[in-house]
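Here is the structure we will look at, set down as structure tokens.
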Amino acid sequence: MDHFLYRDGVLFAEDVPVSEIAAAVGTPFYCYSTATLERHFRLFDEALAPLPHLVCFAMKSNSNQAILKTLAAKGAGMDVVSGGEYARAVAVGVPGERIVFSGVGKTVSEMRAALAGGIRQFNVESEPEMEVLNAVAVSMGLRAPVAIRINPDVDARTHAKIATGKSENKFGIPISRARAVYAQAAALPGLEVVGIDVHIGSQLTELEPFELAYRKVADLTEALRADGHEIRRLDLGGGLGIPYTRSNEAPPLPSDYGDLIKRTVGHLGCEVEIEPGRLISGNAGIMVSAVIYVKRGEGRDFLILDGAMNDLVRPSMYDAHHDIVPVVEPEPGVEPAHFDIVGPVCETGDTFARQRAMPPLAPGDLVAFRSAGAYGAVMSSEYNTRPLIPEVLVKGDHFAVIRPRPTFDEIIARDNIPEWLL
Ligand SMILES: *Cc1c(COP(=O)(O)O)cnc(C)c1O
């Protein structure tokens, strides 16, 4: 459920016609809905109640500070995966005790910054990382709160590039070694072991892999407690999938996911954290683009848009499907035609969809890519010296540009010419 709906035949973002935003900021652009973001956060928050819990938004899915601030105001914590994300979370006023730091390659300077600024916990992914974090904390006279990310060896049954919970993936410590690693951690003076962390992948469309993983976490909690560790917090990761098409079967609801969490780990008396990204931001955003040309090919027609793979890379990177809808709804009874929908970048990979049924469109017409709020703007680049596209946030009947489109001059000015070329 989102707030991008047709009214009288034109697409609205909440109470603002999408065409009005296009006229103000130009195309292409990202557009987010405050009401959708807030609703998705609330669904998770309510799904975990009455367990003591914190919903940490995986800000790698969308790290615009206006988005972070919208969610933080509702009580969200943040899951960060880099020093830059940590700095963004702090910049919008998220207190350190609501920030968890994930990722396989944290550097000394990232650890130092988070320890100095305050951190809820580091999700530690390897023994070498554990030792470096211990040394950094000791050098600062601190103890770093840690959960150890275990790899439960569960098949998330999702796209290979976003599965993280199988033993062949780079993430976490094999569950078979967990007790030994916790014993090592407990012996390090700079670490305070607070819990267990797990994250098995992204865009999961079934609950069963979560169930398998969380049962293993519950067993491990009991084993570790028997070993004398105080396990008081469980970070259960993110990964719940969203519907990318209107037609396919609906992924599980946050409420069902919450029930599963209560069923598998609810009896342990732990505080529970989850780290949803996509389910909060994905369907809260669209990317709006204009048709440049309609090109008739041999046996294949192309819609050439002003948006491209550098703006939204998911189709070329993950073979991802996005519904692409006209901003002006076709009249009933209009026959669709089939198009390959492509961008202007000089790569065959710059293809959003093949043989997609679309109503007749002409140059200048607007289309919206649905479900583009997660892993969209954050993965964009300036390939082909195409400026990063603006981001717009809608709330009710008003909207604001939350990241402007840079000018060519601004882009060019970022390069430095060395003195020997002057
Ligand atoms: C990517 C990631 C998430 C968020 O995944 P979603 O599928 O967007 O919910 C959460 N935790 C960790 C550790 C991640 O790497």
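Whatever order the structure lists them in is the order used to number ligands and atoms, beginning at 1.
- A donor atom on one side chain and an acceptor atom on the other are found under 3.5 Å apart for Gln121 and Asn123.
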Can you list, pair by pair, the side-chain donor-acceptor contacts under 3.5 Å of residues 216-224, counting residues two or more places apart and other chains?
from, atom 1, to, atom 2, distance (Å)
Lys216, NZ, Pro152, O, 2.8
Thr221, OG1, Val217, O, 2.7

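- Side chain of Arg225 to main chain of Ile231: a donor-acceptor pair is present (N/O by atom type, distance under 3.5 Å, no hydrogens or angles).
- Taking the six-membered ring where tryptophan is involved, the planes of His322 and Tyr244 are perpendicular, since the angle between them exceeds 60° and thus also 30°.
- The aromatic rings of Tyr257 and Phe44 stand perpendicular to each other, their planes meeting at an angle above 60°, with 30° marking the opposite boundary.
- The aromatic rings of Tyr214 and Phe210 sit tilted relative to each other, their planes meeting at an angle between 30° and 60°.
- Within 4.0 Å of ligand 1, the residues that place a heavy atom are Ala58, Lys60, Asp79, Ser102, Arg149, His199, Ser202, Gln203, Gly238, Gly239, Glu275, Pro276, Gly277, Arg278, Tyr375, listed by chain and number.
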